[in-house]
*Asks:* 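A single structure is presented below for examination.
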Amino acid sequence: MPGPEFELPPQYDPRTVEPSLYQRWLARDVFLPRPSGDPYVIVIPPPNLTAVLHVGHALNNIIQDVLIRFERMRGRAAEWLPGTDHAGIATQNVVEKQIAAEGKTRFDLGREAFVERVWAFVRETGDTIIEQLKIIGCSCDWSRTRFTLDTAYSRSVRETFVRLWEEGLIYRGHRVIHWCPHCLTALSDEEAEHHDTNGNLYHIKYPLVDGSGFVTVATTRPETLLGDTAVAVHPKDPRGKPYVGKKLRLPIANVEIPVVADDSVDKEFGTGFVKVTPAHDPNDFDIGMRHKLAMPLVMTEDGRMGGPADRVPRELAGLDRFDARKKIVKLLEAQGLLVKIEPHPHSVRRCYRCDTVVEPRLSDQWFAKMKPLAEPVLAAYRRGEFKIVPERWRATFEHWMENIRDWNISRQLWWGHRIPVFTCTKCKHQWADRQDPTTCPKCGGPVEQDPDVLDTWFSSWLWPFATFGWPQHTDDLARFYPGHTLVTAPEILQLWVSRMLMSGYHFMERLPFTTVYLTGTVRDTKHRKMSKSLGNGIDPRDVVQLYGTDALRWTLIGGGSLGADVIVDPDDLESTFAPGRNFANKLWNIGRFILSQLPRDVATIDSVKRTSLTLADRWILSRAQATIREATASLEQFRLDEAAKRCFEFVWNELADWYVEAVKPRLDDPAAKAVLAHCFDTALRLLHPVVPFITEELWQKLPGRKADDLIAVTDWPTTRSELADADADAQFARVKTAIERIRSIRAEYRISPKTRLAAAIVLRGGDRAATFEGERETITRLAHLESLALNGAALPTGAAHAVFGDGSEVVVALSGSIDVQQECKRLATESERLEKLISGLAARLSNENFVSRAPAEVVAKEREKERTWREQRDVLAGKLRALGCV
RNA sequence: GGGCGAAUAGCUCAGCGGUUCAGAGCGCCUGCCUUACACGCAGGAUGUCGGGGGUUCGAAUCCCUCUUCGCCCACCA
């Protein structure tokens, strides 16, 4: 008998195998799409370059990797395009913070030097992020790595802008937008996030100019009263009617403002009188437009009070808006104009990048019209041309698409794509240009480019096709657009996903993907989202260092179902990731055992005669078939967790716990070796997408591997009907049950493995006995493991016993005596339980409705069950009598 | 203010009309170093499936309602 050809350590050490395997995959170009074949395309959600990745990002990318590896093994030309996002405002913020630490601002450096500085930063984090993706095993096509500021990519961005301009979908809007006083830029609606706040509602008296009294307004932002140009009432509100057309004296500012009637006022809210600040509130802006009111700004861009001298008194000018609020309240109080302050919870918008309270501000910005882009996408969704999983996001998506508003695409930043709008300083002609013009095409005068840059999402919304070279008609574009699956976090469904769908449909006339997979969120034990700012972010590299990449992947994939959150305890990585590590180690040891048994020329399963297979052989082969079928179906439905769990069961509970044990007595049987090799090979392939490293490592060691074979590009197992065997499934299930009963009895009576025992399986029905006869060696072996001697003879009564489902029973006789009292007690309890079950079932079966309405097979099954239970009860009664129990 | 989701074993979560649906992992208890694995093996305990109604022959599973948590959306100052 040939000994093992190599020795493997009993503990798997991922650190020694993972890096070299990754290099090997790279060297063989397995991550490149196959030159031919049906493409399967995923574009990575390009990570921001603001910080290194945490486990939340890892989840997202591992899901993509599982899908791409699965499809690659199925023979598709799998293309996973990686890259990174310049993340305009976010990145600029981080670098500005760095500069601030040096006591400088971006204005000290100047635009060019600042942008250079950002580039340096971005190159560094970019490298780290790519490195992290490799460490977690991502099989991206690195030859096509893109960055949203690449030269070619920038051309795409510019082309889009100019096209939209030419189509009349871009316009200059003078309106109130969300302004971040910290980032000093406009934000889109989506970038100004709602946060619930415990604010106050201030009731303030505005005196009538004619001295005849006051009206009282209610506001949450008293400091904006300096910018009031009217007070509005609802036209049908009797309280306000008498005042319409009258003049009020604005407190503190000392200007006169009118009372106007406007439908938008809610009679129910506050006092019914609304102060109107057109330059600092979007609603008030609309009112201002309707009533042709002046719109003075009373705050500076950085959130301090400042404006026309008649409105902003010297004592307030330059004061921060929140300090100004306190001061104004004091002044009002002193003048007796403050009626009351009542608590008023409401929502305040904050900048999604720096968390500063956003200030609505009248400003000129570029907008893109969205309705014409959104409508066809919504229609396509309703026609089922793409789907979102989990399906529950449907309402959110549709609601957003139905109520879409124009998109503010200009940002007062330096880091990003400069807006390609040019203005002639002489004739004021304004146009968008694909090239940088030097002179005005109309009058030849000098030109100026718009100083602002585009919203970062204005480049990322082109990701599915700009990355493949659009607007050039490249081969890549023809082959890889449209793609297939987009995997991302639900929080950017609007910000990014819906816009990609719109741009794809608009510019490419095809939707960019067929499925949007929205992942869950990785949270800590307090259910807080994992993030750097909260300090609960875990670097996936730390986990990999401790437990290995496969353990990380296993935990994240197997730990949560489709779209569900995954909880990671940052203070106890061990308990979070140990299951993954343990599973890898289990796989390793099964491999160690099986590999030590396999000869170099192990037979294929096809060359083994059916007749030389035992029940256990046929059973495990059949289980393998079931696993292939179920795991494949789960993956096709994006249920990665189900697929992983099914494979886990096959490997651990079926292959290791039962088959490997059952086969030990006949390890010199070539058929057994063939079955072992086949099942292990199948398991490795099925598991490879989830745990790529250890499966590759073990698969390499299987007999018959050629030097350039790699599991990463080998075939996905397919089902073969001739190996499925329902008979074997059923029969082996019975063997298992019998063995389990024996073990249970042994444990219950604390029979040490050294104690000699005899047991019998007494079967009801001769045919089944015959079946078992044929499987004697399996049973004998398993029984031996339990230190049980198994034979077919009946044994003395009075021994411990078990009855199971189909009426067969196990009787175990001990060489010594048993505790009769204890056994009586046990039997009585069991008898009682059974009696209860029987009476419940009998009631059900005597229910006419059940018998007539339930499906026939259900009724039949219940009848059969009742019959069995009654038999069992009789057997128990016999035992009780035999033992002399009362 | 709307919409969505979640509440199942001590913890983290599967299951989402009948088919072992009362489950998995971790933890816990009892035995075991049985020639792959103690990151293991065998056996075991633990849940009125958030409360209350309803539909049904039958409900963790569908409907209503309440409570508690999340999330998303929202121009009521």
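Just so it is clear: chains get the letters A, B, ... in the order the sequence lines come, proteins before strands, and each one is counted from 1.
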*Asks:* Whole-Å distance between rC37(B) P and Tyr659(A) OH?
*Replies:*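 To the nearest whole Å, that distance equals 20 Å.
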*Asks:* Evaluate whether atom NE2 of His344(A) has more than 12 neighbouring non-hydrogen atoms of other residues, nucleotides or ligands under 6.0 angstrom away.
*Replies:* yes
*Asks:* Only pairs with both distances under 3.5 Å count, Watson-Crick or wobble alike; so what is the partner of rC28(B) in this structure?
*Replies:*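 By the stated definition (distances under 3.5 Å), rG44(B) pairs with rC28(B).
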*Asks:* Rounding to the closest angstrom, what is the interatomic distance between rC28(B) and rG10(B) at atom P?
*Replies:*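 To the nearest whole Å, 15 Å.
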*Asks:* Using the C1' atom as the point on both nucleotides, what is the distance between rA38(B) and rG31(B), in whole Å?
*Replies:* 14 Å
*Asks:* Looking at Asp668(A) and Arg666(A), is any side-chain nitrogen of the basic one under 4.0 Å from a carboxylate oxygen of the acidic one?
*Replies:*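 Asp668(A) and Arg666(A): not salt-bridged.
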*Asks:* Provide the distance between the two P atoms, one in rU19(B) and one in rU61(B), to the nearest whole Å.
*Replies:* 14 Å
*Asks:* Roughly how many Å apart are rU46(B) and rC29(B), using the P atom of each and rounding to a whole number?
*Replies:*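 Going atom to atom, P in each nucleotide, I get 16 Å.
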*Asks:* Going by purine N1 to pyrimidine N3 plus the second Watson-Crick contact, or the G-U wobble pair, all under 3.5 Å, which nucleotide sits opposite rC69(B)?
*Replies:*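 With both distances under 3.5 Å, rC69(B) matches rG5(B).
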*Asks:* Where the side chain of Gln11(A) is defined as all heavy atoms beyond and including C-beta, which of rC41(B), rC4(B), rC39(B) is the nearest nucleotide?
*Replies:*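 Of the candidates, rC39(B) comes closest.
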*Asks:* Hey, does the side chain of Trp652(A) come within less than 4.0 Å of rC41(B)'s phosphate (OP1/OP2), counting only N and O?
*Replies:* yes
*Asks:* Between rU65(B) and rG5(B), how far is it from one P atom to the other, in whole Å?
*Replies:*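 Nearest-Å result for rU65(B) against rG5(B) at atom P: 14 Å.
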*Asks:* In whole Å, I'd like the distance from the CG atom of Asp657(A) to the P atom of rC37(B).
*Replies:*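 Going from Asp657(A) (CG) to rC37(B) (P), I get 15 Å.
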*Asks:* Can you tell me the base-pairing partner of rA22(B)? Count Watson-Crick or G-U wobble geometry only, both distances below 3.5 Å, and say none if there is no partner.
*Replies:*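 Base-paired to nothing in any strand shown.
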*Asks:* Between Asp262(A) and His234(A), is the side chain to side chain donor-acceptor pair (under 3.5 Å) condition met? List the steps.
*Replies:* CA-CA 5 Å; Asp262(A) 195 280; His234(A) 193 274; over 6 Å; no
*Asks:* What is the minimum heavy-atom distance between Met295(A) and Leu293(A), and which atoms define it?
*Replies:*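 Taking Met295(A) first and Leu293(A) second, the nearest heavy atoms are CG-O, 3.6 Å.
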*Asks:* Between Val663(A) and Val675(A), is the side chain to side chain contact (heavy atoms under 4.5 Å, CB included) condition met? List the steps.
*Replies:* CA-CA 10 Å; Val663(A) 87; Val675(A) 172; over 6 Å; no
*Asks:* Could you tell me the separation between the CH2 atom of Trp393(A) and the C1' atom of rG70(B), rounded to a whole number of Å?
*Replies:*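 That distance rounds to 11 Å.
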*Asks:* Using whole Å, what does the distance between atom P of nucleotide rU12(B) and atom CD of Glu574(A) come to?
*Replies:*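 Distance, rounded to whole Å: 18 Å.
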*Asks:* Looking at Leu495(A), is its backbone amide N or carbonyl O close enough to the side chain of Arg499(A) to form a donor-acceptor pair, meaning the two atoms are under 3.5 Å apart?
*Replies:* yes
*Asks:* Would you sort out whether Arg349(A) and Glu359(A) count as a salt bridge (Lys or Arg N to Asp or Glu O under 4.0 Å), showing the intermediate values?
*Replies:* CA-CA 8 Å; Arg349(A) 287 194 179 231; Glu359(A) 195 60 45; over 6 Å; no
*Asks:* Check the chi torsion on rA24(B) and let me know: syn if it falls within 90° of 0, anti if not.
*Replies:*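 Anti, which is what one calls it when the glycosidic angle falls more than 90° from 0.
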*Asks:* Remember a base hit wins even if backbone is also touched, and classify Val660(A) as base, sugar-phosphate or nothing at under 4.0 Å, heavy atoms.
*Replies:*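 The answer is base, as Val660(A) lies within the cut-off (heavy atoms under 4.0 Å) of a base atom.
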*Asks:* May I ask you to verify if any side-chain N or O of Lys664(A) is less than 4.0 angstrom from the OP1 or OP2 atom of rA36(B)?
*Replies:*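 For rA36(B), OP1 or OP2 has a side-chain N or O of Lys664(A) closer than 4.0 Å.
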*Asks:* Looking only at non-hydrogen atoms, find the nearest pair between Thr627(A) and Cys647(A) and report the distance.
*Replies:* CG2-CA, 4.2 Å
*Asks:* Heavy atoms under 4.0 Å, any strand shown: does Ala656(A) hit a base, just sugar-phosphate, or nothing?
*Replies:* base
*Asks:* What distance, rounded to whole Å, do you find between the two P atoms, one in rG53(B) and one in rG15(B)?
*Replies:*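 Taking atom P in both rG53(B) and rG15(B), they lie 28 Å apart.
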*Asks:* Using purine N1 to pyrimidine N3 plus N6-O4 or O6-N4 for Watson-Crick, or N1-O2 and O6-N3 for G-U wobble, both under 3.5 Å, which nucleotide pairs with rC49(B)?
*Replies:* none
*Asks:* Whole angstroms only, please: what is the CD-C1' distance between Glu661(A) and rC37(B)?
*Replies:*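 Those two atoms, CD and C1', are 11 Å apart.
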*Asks:* Can you pull out the residues from residues 582-590 of chain A that lie within a 4.0 Å heavy-atom distance of RNA chain B?
*Replies:*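 The stretch gives Asn582(A), Asn585(A), Lys586(A), Asn589(A), Ile590(A) as the residues lying under 4.0 Å from the strand, ordered by number.
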*Asks:* rG25(B) C1' sits how many Å from Trp554(A) CH2, rounded?
*Replies:* 11 Å
*Asks:* After noting the C-alpha distance and the side-chain angles of Leu250(A) and Leu225(A), does the key distance pass the side chain to side chain contact (heavy atoms under 4.5 Å, CB included) rule?
*Replies:* CA-CA 8 Å; Leu250(A) 191 59; Leu225(A) 74 78; 4.1 Å; yes
*Asks:* Considering only rG15(B), rA36(B), rC73(B), which nucleotide approaches the side chain of Gln494(A) most closely?
*Replies:* rC73(B)
*Asks:* On the 0 to 90° scale, with breaks at 30° and 60°, tag the Phe583(A)-Trp652(A) ring pair as parallel, tilted or perpendicular.
*Replies:* parallel
*Asks:* Between rU35(B) and rA7(B), how far apart are the C1' atoms? Round to whole Å, please.
*Replies:*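 rA7(B) and rU35(B) have their C1' atoms separated by 50 Å.
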*Asks:* Pull out every protein N or O sitting under 3.5 Å from an N or O of nucleotides 74-77 of chain B, one pair per line with the distance.
*Replies:*
from: rA74(B); atom 1: N7; to: His194(A); atom 2: NE2; distance (Å): 3.3
from: rC75(B); atom 1: OP1; to: Arg405(A); atom 2: NH1; distance (Å): 2.9
from: rC75(B); atom 1: OP1; to: Arg405(A); atom 2: NH2; distance (Å): 2.4
from: rC75(B); atom 1: OP2; to: Arg349(A); atom 2: NH2; distance (Å): 2.9
from: rC75(B); atom 1: OP2; to: Arg405(A); atom 2: NH2; distance (Å): 3.0
from: rC75(B); atom 1: O2'; to: Asn283(A); atom 2: ND2; distance (Å): 2.3
from: rC75(B); atom 1: N1; to: Asn283(A); atom 2: OD1; distance (Å): 3.2
from: rC75(B); atom 1: O2; to: Asn283(A); atom 2: OD1; distance (Å): 2.1
from: rC75(B); atom 1: O2; to: Asn283(A); atom 2: ND2; distance (Å): 3.3
from: rC76(B); atom 1: O2; to: Asp266(A); atom 2: OD2; distance (Å): 2.2
from: rC76(B); atom 1: N3; to: Asp266(A); atom 2: OD2; distance (Å): 2.8
from: rA77(B); atom 1: N6; to: Asp266(A); atom 2: O; distance (Å): 2.9
from: rA77(B); atom 1: N6; to: Phe269(A); atom 2: O; distance (Å): 3.1
from: rA77(B); atom 1: N1; to: Asp266(A); atom 2: N; distance (Å): 3.3

*Asks:* Using atom CZ of Arg15(A) as one end and atom C1' of rC39(B) as the other, report the distance to the nearest whole Å.
*Replies:* 13 Å
*Asks:* Would you call the rings of Trp658(A) and Phe732(A) parallel, tilted or perpendicular if under 30° counts as parallel and over 60° as perpendicular?
*Replies:*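 If you compare the ring of Trp658(A) with that of Phe732(A), the planes turn out perpendicular.
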*Asks:* Using the C1' atom on both, measure rG23(B) against rC66(B) and round to a whole Å.
*Replies:* 29 Å
*Asks:* Measure across Pro10(A) and Asn589(A) and return the closest heavy-atom pair with its distance rounded to 0.1 Å.
*Replies:* O-ND2, 3.0 Å
*Asks:* Ser575(A) or Phe593(A): which one's nearest nucleotide on RNA chain B is closer to the 5' end?
*Replies:* Ser575(A)
*Asks:* Can you measure Leu655(A) atom CG to rA36(B) atom P for me and round it to whole angstrom units?
*Replies:* 14 Å
